[in-house]
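See structure below.
Residue numbers count from 1 along this sequence.
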Amino acid sequence: MKTNCMLLLLAALFLTVRATAEDTSSQTPAGEIKETPEQRDARMAWWREARFGMFVHWGLYSGLAGTWEGKAVGTSGGMEWIQNYVKADTDTYAKAAFPKFQPKPDFARQWARVAKDAGCRYVVFTSKHHEGFGLLASKVGDYNAGAKLGRDLVKEIVDACRAEGLRVGFYHSVIDWHHDQYAYRLSQQLPHPLSGKPYPNGERDHAKYVEYLHAQVRELVSNYGPVDILWWDYSSQDFQGQEAWRAFDLMQMVRDKQPAIIMNNRLFRNREAGWASMGTEGYIPQLDPKYGDFITPEQHIPATGMPGVDWETCMTMNTTWGFSEHDRAWKSNETLIRNLVDIASKGGNYLLNIGPKGDGSVPDESVQAMHAVGQWMKTNGDSIYGTTASPFKSLDWGRCTRKKLPDGGTRLFLHVFDWPKDGKLVVPGLAAAPERAAILGHNIALESVPANGSLAISVPADAPDKIDTVIVLDVKDLPAEK
Ligand code: GLC
């Protein structure tokens, strides 16, 4: 009896101590970061070097493919929002969508190969989009691939990416159109299919949803080995951060499990987090690290880059993120390649999206486009990976990226979009002859003559690559400011 009492007492003491410890950790001053700038640079190094990643939007909406009750919901715009466009409650939506979401075995292998073939260094895919369906096998809730399909699609995708040597990240929506405690009436700005309507199931306790969100994210960062990126989506000015998602605690939990992880800024919507407004073009070039590691311009390339800030432009290949059978507005290979170059020349990363179908297969148009980018990268990848922003304000004929050379000089990569008709490429601001001038990947050395503070490079009559021929120039001094 005595021993029993002692044991009970000890157990009670242990539980109290544990509970207190947990409480304190979730109450740590909001978002304080202990990392030094050097540690941060080391953590960000692979991402800055990579420059090019593949985004994947895939979920129940993929099988619906932009069609609801036999009719096209639209021919453009993000069809991963279809549930919201047709204002379907989650049961109606699930009933229509599940029969059309039938992942083939081994679909993930194709994704990973497409990414690899394109020259991407990382893949970010939707572990859960706004519709709320998780691709993981989760112990919390039953709206996930484990519960509904008896599969862990997150594991399948992660394994396939790792097998191709790719880094991997999760896009995770904090907005949730399924969960019965997600209190959508707390925000006027975040979308929800039932917006403006009363809760169908009586009062909601948003804290319960947040608990669920944290529990599922905990699974994501605990069960799949190293996770390289967490790509949150998204917040509004009227609902964000600690208040909406217990965001600082969420980020801290993720960092505790994955100290090297890189996260975006979308758990927040305020100026310190790089957001000036609700529009996806409303980013500003500043980011306090407590709000995330990088800024996320969407479908936009910042005109002059964002010096001193890490940023990544995400873009669709047509106009939708999730697959739509009605969207045929595919961007040309020229546009995709030049966007990649434009972004690199401004010091950013390019996250290019594919939207696989309901069976997981990648649309042929995307396979071909990614292959075309990859072909260009095979010859010219050196002018993208590990480069930094152009030292030129602007160049009439194209773009420039650069790398430091071990001898202290600089390697400039001149990306010529408009090939000169007179056989002379004029580079402003370079007063001295370069150490070396050549066409990248073609082993063609070029003559050049400095004149009047510019350098005139003699080039062949025809461009070896009509989309972008890259000329390598090794120089001692950077171009003079114009
Ligand atoms: C958005 C959209 C979305 C898409 C995305 C990509 O804010 O809501 O459907 O996933 O961001 O950047």
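Shown here are the salt bridge (Lys or Arg N to Asp or Glu O under 4.0 Å) partners of R121, two or more places apart in sequence or in another chain: E49. Listed by chain and residue number, R40, R48 satisfy the salt bridge (Lys or Arg N to Asp or Glu O under 4.0 Å) test with D310 (two or more places apart in sequence, or in another chain). In this view, D117 satisfies the salt bridge (Lys or Arg N to Asp or Glu O under 4.0 Å) rule with no residue, not counting sequence neighbours. For H415, there are no ring pair (Phe, Tyr, Trp, His ring centres under 6.0 Å) partners at least two apart in sequence or on another chain. Residues that satisfy the side chain to side chain contact (heavy atoms under 4.5 Å, CB included) test with A276, not counting sequence neighbours, are R271, I284. H206 pairs by the ring pair (Phe, Tyr, Trp, His ring centres under 6.0 Å) definition with Y182, Y209, F239, not counting sequence neighbours. Residues satisfying the side chain to side chain contact (heavy atoms under 4.5 Å, CB included) test with S332, not counting sequence neighbours, are E334, T335. The side chain to side chain contact (heavy atoms under 4.5 Å, CB included) search around P259 returns none, not counting sequence neighbours.
Within the structure, no pair that satisfies the ring pair (Phe, Tyr, Trp, His ring centres under 6.0 Å) test touches residues 368-406, not counting sequence neighbours. Sorted by first and then second residue, the ring pair (Phe, Tyr, Trp, His ring centres under 6.0 Å) pairs involving residues 297-352 (not counting sequence neighbours) are F52-Y350, F55-W321, H57-W321. Sorted by first and then second residue, the salt bridge (Lys or Arg N to Asp or Glu O under 4.0 Å) pairs involving residues 366-391 (not counting sequence neighbours) are D382-K403.
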Taking only distance into account, with no hydrogens and no angle test, what donor-acceptor pairs under 3.5 Å do side-chain atoms of residues 421-436 form with protein atoms, sequence neighbours excluded?
{"residue": "D422", "atom": "OD1", "partner": "K424", "partner atom": "N", "Å": "3.1"}
{"residue": "K424", "atom": "NZ", "partner": "S458", "partner atom": "OG", "Å": "3.4"}
{"residue": "R436", "atom": "NE", "partner": "D474", "partner atom": "OD2", "Å": "3.4"}

